[in-house]
Structures are given as structure tokens and as C-alpha cells.
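Report on the following structure.
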Amino acid sequence: MTENKKVKVAVCGASGYTGRELLLRLLRHPGAEVTGLAHGPSSEDCSMPDLFPEFKNLCELPVLGVDALVEKRPDAVFLALPHGAAAPIAKELLAKGLKVIDFSADYRLKDPAVYEKWYKVEHCDRDNLKKAVYGLCEWYREDIKKASLVAVPGCYVTSALIPLIPLLRDKVISPDDIIIDSKSGISGAGKKLTPQVHYCESAESFKAYGMFKHRHTPEIDQELSFAAGSDVSVTFTPHLLPIIRGILSTIYVRLRPGKSKEDLKASWEKAYKNEFFMRLRPEGTSVEIRHIVNTNFCDMSFTASGDRVIITSALDNLVKGASGAALQNFNIMFGFPEQYGLI
Ligand SMILES: NC(=O)c1ccc[n+]([C@@H]2O[C@H](COP(=O)([O-])OP(=O)(O)OC[C@H]3O[C@@H](n4cnc5c(N)ncnc54)[C@H](OP(=O)(O)O)[C@@H]3O)[C@@H](O)[C@H]2O)c1
């Protein structure tokens, strides 16, 4: 794909948090032309600045109902929609020959029974589920190049998979008793107001939630099991941080007998030394949310004591955890440099 011939794209869910973030990045992408924007059931037809005033003079496109999108003749559609809402729309778009990049969980879990158990929704598109590619760019790049449908990984999930996949593949750490303790800013819950994310309930406080019940658990287990080549079942505890954006995960693992922290370092370097968006920070330090906010970077570091290792990883839930990863996938699918729109 050359810069002269722009790829036409549409964004479904432009009235939501991750849709907004995506559009900000698409507007600076030299090879993409935004032709359509869609809202959902709680908004009416309007323009982007009506929804988000910061788009005044940047993007004045109308935001219409989902049905109006196809008339805009996009080559690719981003679905920044809740789970359950994305699959029926993806199914229609794929049938029309469009490429789809889905932010939701609808195509992430390979086994529809696992999806239905955790998300309590019947999967309406099992045929496309079989063809969907898991959009963890650093690990599935070759499949993404050929994909028509990409499932963007969950935000917490990405913060866990990035540091752990190489260590399990290289058999540096034990697959047993991995503990992932994650903290997310409140935008991770989207723009819909619920009592849990109400300002008075979340400001100046800090709490864990979803213990043994969070829907990202089966997704983490699925991908870590692929990496380890055996079943992995992690202990994952998310927390709600009283900040707007950013995730920090603290991950507790054990080195396998005979393995050292040098093996861990070598495994990370082998996996990520050529990956622009992966940043290995000095041993013995903690990564920080303020260093990754508004970026597509994932920072990680580790501290070892004997066979015990504490890993920290950080990313922006709205960027590397959603819209940035979606755009990186788009770049791979259409042959653009992966950094387009993202730096
Ligand atoms: N927030 C994050 O940090 C994050 C990170 C990773 C993945 N994700 C995933 O990304 C997706 C979007 O999340 P978000 O945080 O952007 O949510 P959000 O702020 O709540 O936005 C949801 C968007 O979907 C639209 N929508 C809702 N139901 C719809 C339907 N039935 N048909 C068409 N449009 C519909 C909404 O439109 P109206 O408001 O106009 O009705 C809105 O534009 C979710 O699947 C979420 O799990 C989010």
C-alpha cells in the first residue's frame, strides 16, 4: 500500500472512549482516510465536535447510525463496541468483504463455550470466530498480515502477556502459580457511568475487584497456555486506580530450576530488542504509568531474589490496551510501517 492510495476506514463506536482515541490517531495517519463514524444507541446523529469539542477544526465529520457506515465505502472498519454488540456487526461487514478490527472480547476466546460461560452471551458468529486472528502484534504478526478479522487483546491481558509469553516459551519460568496483580485507571470501564466508577466511589480510594471472576482471566490463560505448550491457570486480581488512564501490573513468578535472571533478561531481549513499542527498563526498578500515558509503549522491568521474580509492566489501557493496538494491527494488515499514527 503506497501513501498516495489511502485506505478508507470507518469507526463504529466513535462516541466512546476508545473510538475517540482511535480517531485522534487516525487523523495523523498518512495512509488512512476516515470516511465514516458511527455512534450507538445512546447518542443521536451529530458531528464529532458535538460529542468531543476537541475535534473542532480537526474532524467535523458526521457521526451517524451504524447502518450508514457501509455507504461510506470503507476498506476496513474498527469496532470499538461492547462485547455482544460487535459480533453481529462484524459478521455483516465481513460478508461484504470488508476487513474488521474488533476491540471487544467477541473474537478473542477460541472456544465459544468459554466465551459464553464468562460473558453470558451466546456467540452469534462461530464461523468467523474460527478465522479470527488474535491481534497481539508482537507475537502474531504473520497471521495478522493475512487476516480479515482481528480481535484486539484485552488491556489487562496485554500487560500480562507481553512480559510472560517469552518467559514461558523459553521455559525460563514455571507455569505454576503465576500471580498477576493489575491496577487500571477508570477509563478502562468505558464512558458509561456505574456506581463502581462514580467519582465519589473511586476518587481518593483504591480497591480490588472481580477476584477469580474477571473476564480477562480465561483470555490470559488461553494465550499463556499456547506459549507454555501446557495448561496455565493464573491468579489474576484487577484493581481500580483513582486515575483516568494507565495500567500497572505487578507479576509474581518463579524461575525454573537451573534458570537464572540472566536467562530471563536474554529471553526478553531476544523477543523484544527489535520491537519499537516494547521498552525494557533497568533491572531492579519499577515501571511507571506516567511514562506510558498517551503512548503505544509497553514498559517492563524485573527484580529477582533467588528463584523468585517480581515483574512490573505498564501500558495505556486506551492506547496499547485498545486503540493503539488496533491501529498497529491495521498497519500490519495494510502493509504500513507499524508506527504510522502512533508516534
Ligand atoms: N476502555 C478501555 O480501556 C478498553 C481497553 C481495551 C478494550 N476495550 C474494549 O473496547 C470496547 C469499547 O470500549 P470503550 O471503553 O470505548 O466503551 P465506551 O466508552 O462505553 O464506548 C462504547 C461505544 O460503543 C457504542 N455502542 C454501544 N452499544 C452499541 C450497539 N449495540 N451498537 C452500536 N454501537 C454501540 C457506544 O455508542 P453510544 O454511546 O453512542 O450509544 C459507544 O460509542 C469494549 O469492548 C471494551 O471492552 C476498552
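Each ligand, and each atom within it, is numbered from 1 in the order the structure gives.
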* To do: Starting from atom 40 (O) of ligand 1, find the nearest protein heavy-atom neighbour and note its residue, name and distance.
  => S43 OG, 2.4 Å

* Do S15 and ligand 1 have an N or O pair less than 3.5 Å apart? -> yes

* Asked: Any heavy atom of P41 sitting closer than 4.0 Å to ligand 1?
  -> yes

* Structure fact -> When distances are taken from atom 1 (N) of ligand 1, the protein heavy atom at minimum range is S187 O, 2.9 Å

* To do: Salt-bridge test for D170 and K270: reply yes if a basic N is under 4.0 Å from a carboxylate O, no otherwise.
  => yes

* **Part of V66 within contact of ligand 1 (heavy atoms, under 4.0 Å)** => side chain

* **Ionic contact status for E338 with R141, cut-off 4.0 Å** => yes

* Asked: Would atom 47 (O) of ligand 1 count as contacted, meaning some protein heavy atom under 4.0 Å?
  -> no

* Asked: Under 3.5 Å, is there a donor-acceptor pair linking the side chains of S323 and T18?
  -> no

* To do: Give the atoms of ligand 1, by number and element, whose distance to some non-hydrogen atom of A85 is under 4.0 Å.
  => 30 (C), 31 (N)

* Asked: Checking side-chain contact (heavy atoms from CB on, under 4.5 Å) against C298, which of T158, I292, I162 comes through?
  -> I162

* To do: Among all protein heavy atoms, pick the one closest to atom 4 (C) of ligand 1 and tell me residue, atom and distance.
  => T18 CG2, 3.7 Å

* How about Y107 and Y115: are their ring centroids closer than 6.0 Å? -> no

* Asked: Nearest to atom 6 (C) of ligand 1, what protein heavy atom do you find, and at what distance?
  -> G321 O, 2.9 Å

* Asked: Is the shortest N/O to N/O distance between G16 and ligand 1 below 3.5 Å?
  -> yes

* To do: Search all heavy atoms of L161 against all heavy atoms of I220 and return the closest pair with its distance.
  => CD2-O, 4.1 Å

* Structure fact -> re atom 23 (C) of ligand 1, the protein heavy-atom contact at minimum distance is A80 O, 3.4 Å

* Could you check atom 3 (O) of ligand 1 against the protein and tell me its nearest heavy-atom contact, residue, atom and distance included? => N317 ND2, 2.8 Å

* Looking at R245, K320, K191, which one forms a salt bridge (Lys or Arg N to Asp or Glu O under 4.0 Å) with E21? -> R245

* Does a salt bridge link E262 with K265, judged by any charged N lying under 4.0 Å from a carboxylate O? -> no

* To do: Could you tell me the residue and atom name of the protein heavy atom closest to atom 20 (O) of ligand 1, and the distance to it rounded to 0.1 Å?
  => K191 N, 3.5 Å

* To do: Examine F330 together with H29 and report whether their ring centres are nearer than 6.0 Å.
  => yes

* Give the residue, atom name and distance (to 0.1 Å) of the protein heavy atom nearest atom 11 (C) of ligand 1. => L81 O, 3.2 Å

